[in-house]
Amino acid sequence: MRKIIIIFFAVYLLLTIFSCANRGVGPQGGPKDTTPPLVTKYSPADGCTNMKKNHIEITFDEIVTLDNPYQKVIVSPPQKSPAEVKAISHKVVVNFVDSLFDSTTYTIDFTDAIQDNNEGNKLKGFSYCFSTGDYIDTLQISGRVIEAENHNPVANIVIGVHSDLEDSAFTTLPFRRITKTDSKGNFTIRNLAAGSYHIFALDDIGGNYLFDMPNEKIAFLDTVLSPICRVEHKSDTIYLPKDSASTDSLTIDTIIHHTKHLYEPKNILLKAFLEPDLRQYLTKSERKERHRMDMYFNLPVDSVPLLRPINFADSLFKPQVSFSRNRDTLTYWLTDTAIWAIDTLMFEYNHDTVSDTLQFLYRAPKKATRKGGQTFGGGKKNDSKGFGGIGKKGKETTTEEKKETVARLTVSSNASQNFDVYQPLQLKFTMPTKMNDISYHLEIKKDTLWIPTKAGKLTQMDSAGTLYSFEHKWIADTSYRFVLDSGLFTSMIGEVSSNEVITFKVKSLEEYSKLILHLHGTKGNEVIQLIDKDEKVVKELKANSNDLVFEYITPSVYYMRLFRDEDGDGKWSTGKYSEHRQPEEVFYFPYDIELRAFWDVEEDWNPEEVPLLKQKPKELIKEEKKQ
């Protein structure tokens with residue numbers, strides 16, 4: 001016995017020494033907690049009736065916190081004054097500020113606001129309900145909200161219903177019951193009474209649960225919804241194990257009956273949009289260059305606003321005004337160089353019924369750092385003459401040469417040695433110009449010689465004369481030279497263009513890919529867009545036939561989107577609630593399309609073959625990060 005005690009003591013001593021030698025390891029603490037908080041008590045009980053209190057306590061099995069409760073916790077029917085919701089140790093406490101309606105079922109939807117204190121495990125989809133009457137309404141409807149234009153999910157938008165089926169209810173009455181969408185755009189409105197409803201989505205900027213502001217995103221259905229609950233019964237049969245001495249294997253042991261409640265409608269799809277804003281206003285004004293001012297409007301403008309100078313003489317302000325193609329941007333070209341040196345130009349602004357004071361501030365670009373006596377990006381060289389004081393080969397420029405430098409107009413173009421076979425040659429200027437009756441011509445390179453060829457017409461593309469286009473049917477894999485004689489262009493301040501030789505080479509056909517598309521189930525008013533991974537439109541075609549060809553496409557991975565151009569304006573149009581007009585329908589080709597160089601790819605597409613919510617490729621879906 002003594003020997004056993006000595007052995008036991010020795011083992012204990014060794015274990016003690018080993019544990020002391022590994023103090024750095026310490027206790028491991030077990031697996032990480034991934035379980036959300038569990039409710040241990042309700043006060044009053046969940047689902048209680050004849051509720052008289054305005055104070056609710058929900059107790060959990062651990063300390064809890066609330067994540068953004070004023071955004072995530074939704075009380076339905078909505079309250080004029082939000083309920084106070086806070087976490088205290090193991091409890092979540094709700095205090096109602098407003099009086100409760102009689103004979104009404106209330107729902108407190110916590111979404112995923114409740115989480116444990118230590119690991120932040122969220123209790124998702126948690127709700128509590130009670131009634132101020134004798135019974136609880138139990139019906140519910142569910143669905144999803146997506147952006148009408150791009151099918152992205154709309155998060156955290158209010159979903160509401162009206163039992164008043166008049167059109168005016170949406171704009172004059174708060175919702176009868178509400179909820180909000182989750183990050184995937186899903187929603188469920190719980191505890192509805194039997195009846196008929198209109199459903200809406202509302203980005204409730206005003207916080208009053210009605211559509212009364214032009215910049216509130218909305219969605220609506222004209223369909224009247226009547227929620228129901230179907231009871232589904234299902235039985236599971238458990239058989240006894242087969243007896244080895246018996247051939248009977250169908251002996252029933254137990255029959256388990258299941259009852260499931262199915263609430264409908266459950267697949268409501270709401271397409272959210274912003275209505276067209278018919279109020280015209282100035283969105284931005286800026287002066288990026290000394291000689292121009294730009295004014296941006298939300299809608300096309302019919303008349304030029306009145307600008308009266310404040311900090312310089314009226315006689316100096318004789319601008320040349322030009323409109324953008326869709327007339328929502330005005331550019332004021334300052335023709336008098338005397339005001340170019342003024343960094344801030346101030347004006348009294350009057351347009352329609354709006355009066356204001358505008359400032360146009362010019363910020364000169366920062367000069368690059370000088371290295372080894374040389375300035376990068378423009379500026380002074382390391383000499384006493386300053387910028388422009390030294391001409392070619394280090395010689396001092398004469399007065400005539402200086403005048404010549406100032407008087408010459410610079411032209412830029414989109415020419416390159418990788419020029420697309422389908423695009424026109426474009427000439428660009430930094431200020432308005434006029435084209436004079438001076439010649440220009442086109443040359444083509446054959447072997448080592450430049451041979452004149454028949455040239456197209458050089459056309460002015462904007463009202464100011466800052467953009468010109470030269471259309472020509474280019475030959476693939478061929479070099480061209482576009483020659484502009486001196487004096488062809490004159491700027492608004494009298495500068496004239498020099499002799500210009502623009503050289504470029506057209507890409508070969510082997511560098512392109514082609515997509516041949518066969519459409520099915522179309523109506524003839526579709527516009528099909530080839531888009532990249534950022535949903536930027538690369539090329540679009542109208543469905544004039546069921547067979548379309550996207551030619552001269554740069555090899556890459558693309559996607560396709562289609563919209564039905566109901567109004568025929570060639571662009572996607574939004575909806576209008578007062579006219580019961582939904583946004584134009586949008587469809588996505590459900591797969592990516594890889595286009596390879598010198599390959600023809602054929603695809604068949606019926607836009608309605610795949611359910612709408614399963615069309616958009618996952619890599620294009622962008623979830624809204626909205627708070």
Side-chain angles (χ1 to χ4, degrees), residues 171 203 205-206 208 211-218 273-365 409 428-434 460-468 490-495 567 569-571 573-579:
T171 58
D203 188 11
I205 296 174
N208 53 7
F211 177 43
D212 61 348
M213 299 180 71
N215 56 339
E216 291 179 321
K217 187 179 294 183
I218 64 168
F273 62 92
L274 279 172
E275 289 194 339
D277 192 351
L278 300 180
R279 303 170 306 152
Q280 188 177 80
Y281 52 86
L282 180 67
T283 60
K284 186 174 70 171
S285 58
E286 62 183 4
R287 185 183 173 202
K288 289 184 176 181
E289 298 174 279
R290 287 194 177 276
H291 61 276
R292 64 180 289 179
M293 306 185 311
D294 294 300
M295 299 174 65
Y296 304 89
F297 293 83
N298 67 315
L299 293 173
V301 292
D302 296 325
S303 58
V304 178
L306 176 63
L307 294 180
R308 191 180 72 79
I310 295 177
N311 64 333
F312 63 96
D314 286 2
S315 59
L316 298 178
F317 188 56
K318 298 177 181 178
Q320 181 176 335
V321 183
S322 63
F323 291 86
S324 63
R325 179 169 295 184
N326 55 357
R327 298 184 67 89
D328 61 355
T329 302
L330 267 68
T331 299
Y332 289 76
W333 303 95
L334 307 177
T335 57
D336 197 319
T337 57
I339 60 176
W340 289 11
I342 304 175
D343 289 340
T344 302
L345 302 177
M346 300 181 63
F347 296 88
E348 287 182 4
Y349 166 82
N350 290 278
H351 189 231
D352 293 336
T353 59
V354 178
S355 298
D356 202 352
T357 300
L358 296 182
Q359 292 186 358
F360 292 87
L361 174 63
Y362 173 72
R363 297 182 185 275
L409 177 64
K428 300 176 183 178
F429 299 92
T430 60
M431 64 178 65
T433 65
K434 65 176 181 178
Q460 182 175 322
M461 301 303 294
D462 63 346
S463 60
T466 61
L467 179 65
Y468 294 81
T490 304
S491 76
M492 67 178 184
I493 59 172
E495 295 176 330
D567 57 8
D569 63 353
K571 58 184 179 180
S573 299
T574 188
K576 184 77 172 176
Y577 175 68
S578 62
E579 300 173 6

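Counting begins at 1 with the first residue of the sequence.
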[X] versus [Y]: any side-chain heavy-atom pair under 4.5 Å?
| X | Y | result |
| --- | --- | --- |
| F312 | L345 | yes |
| T331 | T466 | no |
| Q460 | K434 | no |
| F429 | E495 | no |
| V301 | M295 | no |
| R292 | L334 | no |
| N350 | R308 | no |

Rounded to the nearest 0.5 Å, what separation is found between the [atom1] atom of [X] and the [atom2] atom of [Y]?
| X | Y | atom1 | atom2 | answer |
| --- | --- | --- | --- | --- |
| R279 | N215 | CZ | CG | 7.0 Å |
| F211 | D203 | CZ | CG | 11.0 Å |
| K576 | E275 | NZ | CD | 4.5 Å |
| K428 | D462 | NZ | CG | 11.5 Å |
| Q320 | M492 | CD | CE | 7.0 Å |
| M431 | I493 | CE | CD1 | 4.0 Å |

Exercise. Would D356 and L282 count as a side chain to side chain contact (heavy atoms under 4.5 Å, CB included) if you check the C-alpha gap in whole Å, the side-chain angles of each, and the deciding distance to 0.1 Å?
Worked result: CA-CA 11 Å; D356 202 352; L282 180 67; over 6 Å; no
On a heavy-atom basis, which atom in [X] and which in [Y] lie closest, and how many Å separate them?
| X | Y | result |
| --- | --- | --- |
| T357 | M346 | CG2-CE, 4.4 Å |
| D212 | E216 | N-OE1, 3.2 Å |
| A338 | L316 | CB-CD2, 4.2 Å |
| R287 | W340 | NH2-O, 3.3 Å |
| M293 | F347 | SD-CE1, 3.6 Å |
| N311 | T344 | ND2-O, 2.7 Å |

Exercise. In terms of ring plane angle, is the pair W333 and H291 parallel, tilted or perpendicular, where the classes change at 30° and 60°?
Worked result: parallel
Exercise. Sequence neighbours excluded, which residues qualify as side-chain contact (heavy atoms from CB on, under 4.5 Å) partners of V321?
Worked result: V304, P319, L330, Y332
Problem set entry | Worked check of side chain to side chain contact (heavy atoms under 4.5 Å, CB included) between N298 and Q280 | CA-CA 6 Å; N298 67 315; Q280 188 177 80; 4.0 Å; yes
For this session: Tell me, please, which residues at least two apart from E286 pass side-chain hydrogen bond (donor to acceptor under 3.5 Å, both in side chains).
Result: Y296
Problem set entry | Y349-S285 side chain donor-acceptor pair, cut-off 3.5 Å | no
Exercise. Hey, is the main chain of K318 close enough, under 3.5 Å, to the side chain of T335 for a donor-acceptor pair?
Worked result: yes
Problem set entry | Pairing residues for F297 by the ring pair (Phe, Tyr, Trp, His ring centres under 6.0 Å) criterion, not counting sequence neighbours | H351
For this session: Give a yes or no on this: more than 12 heavy atoms of other residues, nucleotides or ligands lie within 6.0 Å of atom CG of D567.
Result: yes
